[in-house]
Amino acid sequence: MHRLRRAIDSRRCHRQRRRLLSAVAGGDQQIRDIPPTTCAVPWNRILRAHICRSRPDLALALYRRMRALSPTLPNSYTLPLALRAGTSARIASAIHAHALHLGLHAHPDVARQLLAAYARHGLADEARHVFDAMPSKRTTMSWNMLISAYSVCCDPNNAMATFARMAATDEPLPDAVTWTTLLSAHARCGKHPVVLELFGDMYRSGCEGNAESVAVALSACPYAGDLALAKGKAIHGYGFTKGVVRGYLFVTNSLVCMYGKLGEMDDARKVFREAGERNIVTWNAIITSYAAAGMCDEALDVLVRMGQRGGMAAPNVVSWSAVIGGFASSGDYERALELFRRMQRQWLSPNVVTLATVLSACTELLAVRLGREVHSYAIRSMLDRHSLVENGLINMYAKCGRVAAARTVFDGMKSRDLVSWNSMLAGYGMHGLCDNALALFADMAEANVDPDGVTFVAVLSACSHAGRVWEGRRLFDQMMLEHKISPSMEHYTCMVDLLGRAGLLKDASKLIETMPMEADLCVWGALLNSCRIHGDAAMAEATIAKVLQAGAETTGNHTLITNLYAACGMWDDSKRVRVMTREAGLRKNPGQSWIEVKNKVFAFVAGRVPPSLPGAEEVFRVLDDLYREMDDERRSIEEDHIVNVR
DNA sequence: CTAGGGTTAG
């Protein structure tokens, strides 16, 4: 019946099809001249042709034209084709609406393609709706598409629940694709331990591991803690026995990356060398491995070699971002920024990840000017509304002292994630704007965003800088009782600082005693600093005894203690520790800084007058003035603190 | 003439 009708349609529409084809070949203007028709078949053929030639834009234009001529023209063949051409969730919903209008939503082909389209774009609720209403028997494939929808929208819990629902029904069994989809649902939102557990479940259920699932499992290995390398090697071996290592690019790439992330450069290089085939991802994986191992020059070298080889694998944004990120995380921010410039000179467009990396380098260098330049670049390339860039901007502006600019970015965001809130709060905290921080913290609760440990570090340090003991104590309790966050060393450091600065030295030292972990140097340092501020030599002495007893024989520790004695006016003790330090053979690298004036670099080493500094006397006179001003400022702030505590 | 799964940069 179907075939007969298609034959009749075909003959009736033959002439129309030819006119359509020539109109389409002539470009978009001529599409408007296509005569009205009552037959969908010729349209469908051209739609299919466009999709086969990977021109979804032309296919969609044709579909729009078709509906403009007559909304009832599309049939059960047209809608699946249009859905395949759809490039956004919005288009998928529009075609769904057309299907409902035409009464074709229950047609098996239409329903299946609707489910596929919703899954591709991660509209899980809509996918679920179509799935539940599907007329035909549920197949493994339709289950897989629903699970995939949850995977795409980063909802591993519902992916798992759907998998459980599928397992509870006895008809369609999960296959390798079902398992792989479930694995990737967890991998893409960072639930790496679950990925490895599920990979084990998959093996135990008797499902054959294939290249795709092995690739996902390998990508999760570097996050498996102490057993990471052992697990990675086990899965490597498993893949080998299944014959999915050699000749499977995805697995090769996953292996290079896994070994690289674990710092096993020899293994990473070995897999890379022995790979029969390489693509851009393979090259980027080896670049990333070098960068992760801190071998940034080697990473750059590979990138340059890629460029010289020419042809197939030219370096792309990922290659460049990886090298830039490598330099940035090794602390060489200047090199990172220099490479960012070089990348732009090669006419390669940075993307949101590149910008986020570059912004973090700007932040560390306190390079607001360059940061603003990156901001304007982001606006021009329309990347400024992406949360990754926005969070980077908030962080950059806040840490560079432009708190108002940071707030402008924050206020302009359409949706704020935890990182946005934490960056803004930390910005207020580090500039002593405690009231702003506390107000924003209240807004955060209002917006139903759950704070995490980082949030509390930000607000607690804001309180400690402003001497707000009562608020700080309340927040600390709230963190533990309401939010069930167990305090980390950082939180204790904040609290010791808060209590100590306010002069509550006994409370601070009592808190250290009741801490569930061994206090580290930061915690002791906070207490000692408070002793210094309040001139409590006895408490300082007792504290130092405890630090020495804890036996942290590091240079920094000795220097800290020396300075502390000196600050408390206990010069004899200060000298004693200094001698002790020298005897222990510990020497601190002297602090250094340098400035560039007219292409000449002037270096300053702590405690040493530069031999060839013109106008040294003048410099030191200005410095003395500055010190005096800073001291006055400090004293007035401390007086404020005392007033606040009372 | 036909759906679903995979690797790299933060």
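Just so we're on the same page: letters track the sequence lines, and every chain starts at 1.
Non-hydrogen atoms lying under 4.0 Å from DNA chain B are contributed by A:N351, A:V353, A:T357, all within residues 343-361 of chain A. Within residues 141-163 of chain A, the residues that have a heavy atom under 4.0 Å from DNA chain B are, in order of number, A:M141, A:N144, A:M145, A:S148. Shown for residues 211-219 of chain A: residues whose heavy atoms fall under 4.0 angstrom of DNA chain B, namely A:E212, A:V216, A:S219.
If you take CD1 of A:I287 and P of B:dT8, they are 15 Å apart, rounded to a whole angstrom. Nucleotide B:dT2 holds its P atom 10 Å from the CD1 atom of A:I51, rounded to whole Å. Between the CZ atom of A:F199 and the P atom of B:dG6 there is a distance of 15 Å, rounded to whole Å. The distance between atom CZ of A:R45 and atom C1' of B:dC1, rounded to the nearest whole Å, is 12 Å. Between the CD1 atom of A:I324 and the P atom of B:dA9 there is a distance of 14 Å, given to the nearest Å. Atom NE2 of A:H386 is separated from atom P of B:dA9 by 16 Å (rounded to the nearest Å). To the nearest angstrom, C1' of B:dG4 lies 11 Å from CD of A:Q113. The CZ atom of A:R84 sits 6 Å away from the P atom of B:dT2 (whole-angstrom rounding).
Not counting sequence neighbours, the partners of A:H236 by the ring pair (Phe, Tyr, Trp, His ring centres under 6.0 Å) test are A:Y259. Legend: residues meeting salt bridge (charged side-chain N to carboxylate O under 4.0 Å, His left out) with A:R204, ordered by chain and number and at least two apart, are A:D201. Not a single ring pair (Phe, Tyr, Trp, His ring centres under 6.0 Å) links A:F327 to another residue, sequence neighbours left out. Legend: residues meeting salt bridge (charged side-chain N to carboxylate O under 4.0 Å, His left out) with A:R246, ordered by chain and number and at least two apart, are absent. By the ring pair (Phe, Tyr, Trp, His ring centres under 6.0 Å) test, A:H98 pairs with A:Y63, sequence neighbours left out.
At least one side-chain nitrogen or oxygen of A:S184 sits closer than 4.0 Å to the OP1 or OP2 atom of B:dG6. A:R188 has a side-chain polar atom (N or O) that falls below the 4.0 Å cut-off from OP1 or OP2 of B:dG6.
In the set B:dG6, B:dA9, B:dG4, B:dA9 carries the atom at the smallest distance from any side-chain atom of A:V318. Taking only side-chain atoms of A:L388, from C-beta outward, the nucleotide of B:dG10, B:dG4, B:dT8 with the closest atom is B:dG10. Which of B:dA9, B:dG6, B:dT7 sits closest to the side chain of A:V281 comes down to B:dT7. The side chain of A:K261 lies closest to B:dA9, out of B:dA9, B:dT7, B:dG4.
Electrostatic pairing of A:K242 and A:E212 does not count as a salt bridge here, judged by no charged N lying under 4.0 Å from a carboxylate O.
Residue pairs satisfying the ring pair (Phe, Tyr, Trp, His ring centres under 6.0 Å) criterion with at least one member in residues 152-186 of chain A, sequence neighbours excluded, are listed as follows: A:F163-A:W179. Applying the side chain to side chain donor-acceptor pair (under 3.5 Å) rule to pairs touching residues 148-158 of chain A yields A:S151-A:S184, A:S151-A:R188, A:D155-A:N158, sequence neighbours excluded. For the salt bridge (Lys or Arg N to Asp or Glu O under 4.0 Å) condition, the pairs that include at least one residue of residues 255-266 of chain A, sequence neighbours left out, are A:D266-A:R269.
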Output side-chain donor-acceptor pairs under 3.5 Å for residues 333-340 of chain A, partner residues at least two apart or in another chain, one line each.
none

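Using a 3.5 Å distance cut-off with no hydrogens or angles, the side chains of A:N253 and A:T282 do pair a donor with an acceptor.
Taking the six-membered ring where tryptophan is involved, the planes of A:F410 and A:W421 are perpendicular, since the angle between them exceeds 60° and thus also 30°.
In this model, a side-chain donor or acceptor of A:D175 finds a partner on the base of B:dG4 within 3.5 Å.
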